[in-house]
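Bear in mind that the values here come from a model prediction, so they are computed numbers and not experimental data. Every chain is numbered from 1 and lettered A, B, ... according to where its sequence line falls, protein lines coming before strand lines.
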Number of protein chains: 2
Amino acid sequence: MPNNFYEKAKELIRHTGYRVTHNRLRTLAILLAEQYALTHREIEERLNVKEHLDRVTLYRVLEWLSKNNLVHKIAGDDRVWRFRVNMELHSHQHAHFICTRCTKVICLNNFRIKSNPSLPLGYLFHEVELTVKGVCAECV
Amino acid sequence: MPNNFYEKAKELIRHTGYRVTHNRLRTLAILLAEQYALTHREIEERLNVKEHLDRVTLYRVLEWLSKNNLVHKIAGDDRVWRFRVNMELHSHQHAHFICTRCTKVICLNNFRIKSNPSLPLGYLFHEVELTVKGVCAECV
DNA sequence: AATAATATGCAACTTAGTTGCATTTAATTA
DNA sequence: TAATTAAATGCAACTAAGTTGCATATTATT
Ligand SMILES: [Mn+2]
Ligand SMILES: [Mn+2]
Ligand SMILES: [Zn+2]
Ligand SMILES: [Zn+2]
């Protein structure tokens, strides 16, 4: 599967009804190929191997992909956003694992979260976010 | 209770066995007086009303308080750390609430988290972090 | 009061992310 | 296919949280 990812990206982006641009395709293709969440930096490096993409544009592309539910972003303790493509069974609420050694982030899809916690009076519940911290297999 | 907080802070810091400095006392006193988690900025502003404290020193004080388990820090989606004093029943694992409108953070002490999730093979579990997102009473 | 280890202030730095604006490109229409 | 136009892009400048190095001040000890 050489660049099935690019074709898959094209299908997904076309499906949003908005503009199908080269940079959106390239970026999404990279995220489709990855098993874990990538930082803006990591994506930039992978992109620039073939063809340069301005970092500001990449920020805007990632924001766009995020707003259109093609990816989701995850906040880490290192103040850096990580981006992961939304797989079919993936768009629902799920937990994340963060490796405290290499800061790698993976999505825990098998991990259901039961919601509706009791909040102080007058508070409005929206969603619950669960992060598991530990050490990944490569770092043990 | 005028500055019971300063006295309480003195007791807590003396108890660590390390140096009892004016800045540690002032900073901890401010955190003791608050019901929710404060950013470095918010603490700085409160401190500077009475007497200036260098921002770098404050970073170091907060790091010290954190390492000595007198406060804990919470990562928000705005890439800013928030600090909250560790109350007696508070040091255990608990959940946090983040207001998506004003970014205020409170600790949900009544909220127990059951741990030991199933992770991929070779992964090491350390702890689980639960964040509830919604809108606080003042922002509804 | 003298000592020594630690805390502090200040300047300079790092880095993720944002903003404004002129130019280019994707999609629509003629 | 060429003209049109709204949205996407590149670039420079900016913002803001947090860090580092080093000289000076303060705490705790003798
Ligand atoms: Mn995920
Ligand atoms: Mn808390
Ligand atoms: Zn790891
Ligand atoms: Zn609020």
Results of ring pair (Phe, Tyr, Trp, His ring centres under 6.0 Å) for B:F83 - residues two or more places apart only: none

- prompt: Do the rings of A:H94 and A:H72 sit parallel, tilted or perpendicular, given the 30° and 60° boundaries?
  reply: perpendicular

- request: Within residues 29-50 of chain B, find the residues that approach DNA chain C with a heavy atom at under 4.0 Å, and present them sorted by residue number.
  value: none

- request: Measure the shortest side-chain to side-chain distance between A:L38 and A:L31 over non-hydrogen atoms and say whether it is less than 4.5 angstrom.
  value: yes

- prompt: Between which nucleotides of DNA chain C, read 5' to 3', does contact with chain A run, using atoms under 4.0 Å from its heavy atoms?
  reply: C:dA16 to C:dA27

query: Heavy-atom contacts under 4.0 Å between residues 12-22 of chain B and DNA chain C, which residues?
result: B:R19, B:T21

- prompt: Taking 4.0 angstrom as the limit, do A:K104 and A:E138 come out as a salt bridge?
  reply: yes

message: Categorize A:R60 for me: base, sugar-phosphate, or nothing, with a 4.0 angstrom heavy-atom threshold over every strand shown.
response: base

- prompt: For A:V80, which contact category applies under a 4.0 Å heavy-atom criterion: base, sugar-phosphate, or nothing?
  reply: sugar-phosphate

NZ/NE/NH1/NH2 to OD/OE distance under 4.0 Å, A:R46 and A:E34: yes

field: Between the first and last five pairs of the helix from C:dA1-D:dT30 to C:dA30-D:dT1, the angle of the axes, rounded to 10 degrees
entry: 30°

If you look only at distance, which donor and acceptor atoms sit under 3.5 Å apart when one is on a side chain in residues 53-64 of chain A and the other is two or more places apart or in another chain?
{"unit_1": "A:D54", "atom_1": "OD2", "unit_2": "A:V56", "atom_2": "N", "d": "3.0"}
{"unit_1": "A:D54", "atom_1": "OD2", "unit_2": "A:T57", "atom_2": "N", "d": "3.4"}
{"unit_1": "A:E63", "atom_1": "OE2", "unit_2": "A:K67", "atom_2": "NZ", "d": "3.1"}

query: Is the closest side-chain heavy-atom distance between B:E7 and B:N4 below 4.5 Å?
result: no

- prompt: With distance as the sole criterion, do the side chain of B:R55 and the base of D:dG18 form a donor-acceptor contact below 3.5 Å?
  reply: yes

